[in-house]
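Structure first, commentary second.
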Amino acid sequence: MLEYRITATRIDAGGSVAHCKDAQITLDTSMAGRPDALNPAELFLAAIAACMIKGIERVAPMLKFSLRGVEVRLHGQRQDSPPKMVAIDYELIVDTDEPDRRLELLHQNVRKYGTISNTVAEATKLEGVIRRRN
């Protein structure tokens with residue numbers, strides 16, 4: 001089994017910082033919000049996006065899938081009481097000349113083997129599409 005560890009520390013009422021390996025990320029933990037950091041819900045969506053992009057990086061060589069770039073757009077719906085994400089929609093946009101059936105094969109692999117996306121899909125509605133960049 002793989003294990004992961006991070007440390008997050010409150011800096012002040014305006015925010016916090018998370019550390020892992022040689023990386024750090026500023027967190028918006030302020031009640032007022034801040035434009036230069038991701039709040040917890042945004043960080044959650046960013047983790048899903050990173051999982052999908054990493055999944056594409058993992059399976060593209062195995063599928064011999066040629067691509068020039070990937071963009072992930074996510075939209076989360078949060079209810080207030082109790083607070084939770086009730087639905088997440090995504091759009092995977094791939095810059096590729098691969099045929100549609102191969103694009104769908106890439107999507108199936110991303111959905112099947114993503115650690116974060118699989119975890120999230122068990123907890124809430126996670127639906128999306130893959131499409132070619134115009």
Any side-chain to backbone donor/acceptor pair from [X] onto [Y]? Under 3.5 Å, distance only.
X: N39; Y: E42; result: yes
X: D28; Y: R34; result: yes
X: S16; Y: A8; result: no
X: T124; Y: V86; result: yes
X: T9; Y: V17; result: no

Evaluation steps, side chain to side chain contact (heavy atoms under 4.5 Å, CB included), between E98 and L105: CA-CA 11 Å; E98 296 279 355; L105 177 64; over 6 Å; no
Audit row: I56, K54, side chain to side chain contact (heavy atoms under 4.5 Å, CB included) steps and yes/no: CA-CA 5 Å; I56 288 171; K54 188 167 186 165; over 6 Å; no
Measure across [X] and [Y] and return the closest heavy-atom pair with its distance rounded to 0.1 Å.
X: S117; Y: C51; answer: N-SG, 3.6 Å
X: T26; Y: A37; answer: O-CB, 3.5 Å
X: I88; Y: F44; answer: CD1-CE2, 3.5 Å
X: M62; Y: R58; answer: CE-O, 3.3 Å
X: G128; Y: R111; answer: N-NH1, 4.4 Å

From CA spacing to verdict: side chain to side chain contact (heavy atoms under 4.5 Å, CB included), L103, F65: CA-CA 9 Å; L103 196 59; F65 191 97; 3.8 Å; yes
Transitive ILVMFWY cluster of I25, excluding itself - 4.5 Å side-chain cut-off: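 ILVMFWY cluster around I25 also holds L27, L38, L43.
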With the side chain counted from C-beta on, respond yes when [X] and [Y] share a heavy-atom pair under 4.5 Å apart, and no when they do not.
X: K125; Y: E127; value: yes
X: M85; Y: Q77; value: no
X: V70; Y: D95; value: no
X: I130; Y: E104; value: yes
X: L63; Y: R102; value: yes

Worked check of side chain to side chain contact (heavy atoms under 4.5 Å, CB included) between L92 and V129: CA-CA 6 Å; L92 285 171; V129 297; over 6 Å; no
When you check the gap from the basic side-chain N to the acidic O, do [X] and [Y] get nearer than 4.0 Å?
X: R132; Y: D100; answer: yes
X: R73; Y: E71; answer: yes
X: R68; Y: D97; answer: yes
X: D12; Y: R10; answer: no

Starting from [Y], can I reach [X] by hopping between I/L/V/M/F/W/Y residues whose side chains sit under 4.5 Å apart?
X: Y90; Y: I116; answer: yes
X: L67; Y: V110; answer: yes
X: M52; Y: V59; answer: yes

Full working for salt bridge (charged side-chain N to carboxylate O under 4.0 Å, His left out) between E3 and R5: CA-CA 7 Å; E3 294 185 19; R5 297 187 196 295; 3.4 Å; yes
Approximate separation, where rounding is to 0.5 Å, of T115 OG1 and Y4 OH: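 The OH atom of Y4 is 6.0 Å from OG1 of T115, to the nearest 0.5 Å.
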Heavy atoms of other groups near E122 CD, more than 12 under 6.0 Å: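 No, because the 6.0 Å sphere around CD of E122 holds 12 heavy atoms or fewer from other groups.
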